[in-house]
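In each ligand, atom 1 is the first atom listed, and ligand 1 is the first ligand listed. Just so we're clear, the structure is a prediction, and the values are computed from it rather than from any experiment.
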Amino acid sequence: MKILMVCLGNICRSPLAEGILKYKAKQAELPWKIESAGTNGYHIGEPPHHLSQKVARLNGIDICDQRARRFTADDFKNYDKIYAMSADVIDEMKRIARNKFDAGKVDLLMNELNPGKNMDVPDPWYGPEPGYHQVYKMIDEACDAVVRKYGRTSNSDLGPLSTGHGNPNTQSTIRNSQ
Ligand code: 4NP
């Protein structure tokens with residue numbers, strides 16, 4: 001499965017989403033390709049914002065090698081699922097992709113955690129450090145939901161991804177498959 005995380009600048013939110021989901025997919029032994037992009041070109045080639053790097057590092061995830069790139073219409077050809085961090089990002093994706101926009105591949109990331117609620121991941125770019133921690137927590141929980149949902153179909157050997165409180169049969173399935 002190929003997943004693209006998209007925000008405006010590709011320096012604050014989507015680099016965190018890329019790093020967090022990559023980390024979780026690796027832990028779950030899922031052979032996913034996960035990348036990120038931004039709808040504006042202001043920061044092309046730059047590493048993630050230093051506060052995104054900091055909150056990722058505090059959570060054991062290194063995102064410093066990422067570089068910002070611009071979202072393109074061809075991304076609809078190259079990815080199975082495209083997650084936008086906020087509704088304004090989807091508007092920009094429509095403007096860029098025009099007739100290549102594929103609504104079936106696009107959703108707000110937070111809809112994986114709270115289906116149908118259409119919640120944005122707020123843009124921390126204009127504010128101080130606590131905003132980055134809040135955004136990290138939201139993205140982290142949404143990425144857990146993505147792994148729970150698609151992990152089953154991508155790697156059926158693992159079975160349902162349990163947090164350790166599921167039924168005993170599920171527990172033994174996980175133990176036996178490792
Ligand atoms: P992001 O935050 O979309 O989460 O990367 C932003 C970063 C930069 C800008 C806007 C949003 N900017 O306009 O430069």
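For the residue pair Glu92/Thr39, the side-chain donor-acceptor check at 3.5 Å is not satisfied. Side-chain contact annotation: Gln53 with His49, donor-acceptor N/O pair under 3.5 Å absent. Side-chain N/O atoms of Ser86 and Arg13 include a donor and acceptor closer than 3.5 Å.
Under the side chain to side chain contact (heavy atoms under 4.5 Å, CB included) test applied with Pro48, the options Ser36, Pro15, Cys64 reduce to a single match, Pro15.
Among residues two or more places apart in sequence or in another chain, the ring-ring contact (aromatic ring centres under 6.0 Å, His included) test is passed with Phe76 by Phe71, Phe101.
Protein residues lining ligand 1, listed by chain and number: Cys7, Leu8, Gly9, Asn10, Ile11, Cys12, Arg13, Asn40, Tyr42, His43, Asp123, Trp125 [non-hydrogen atoms, distance under 4.0 Å].
Across every non-hydrogen atom of Ala142 and Leu109, the tightest pair is CB-CG, 3.7 Å.
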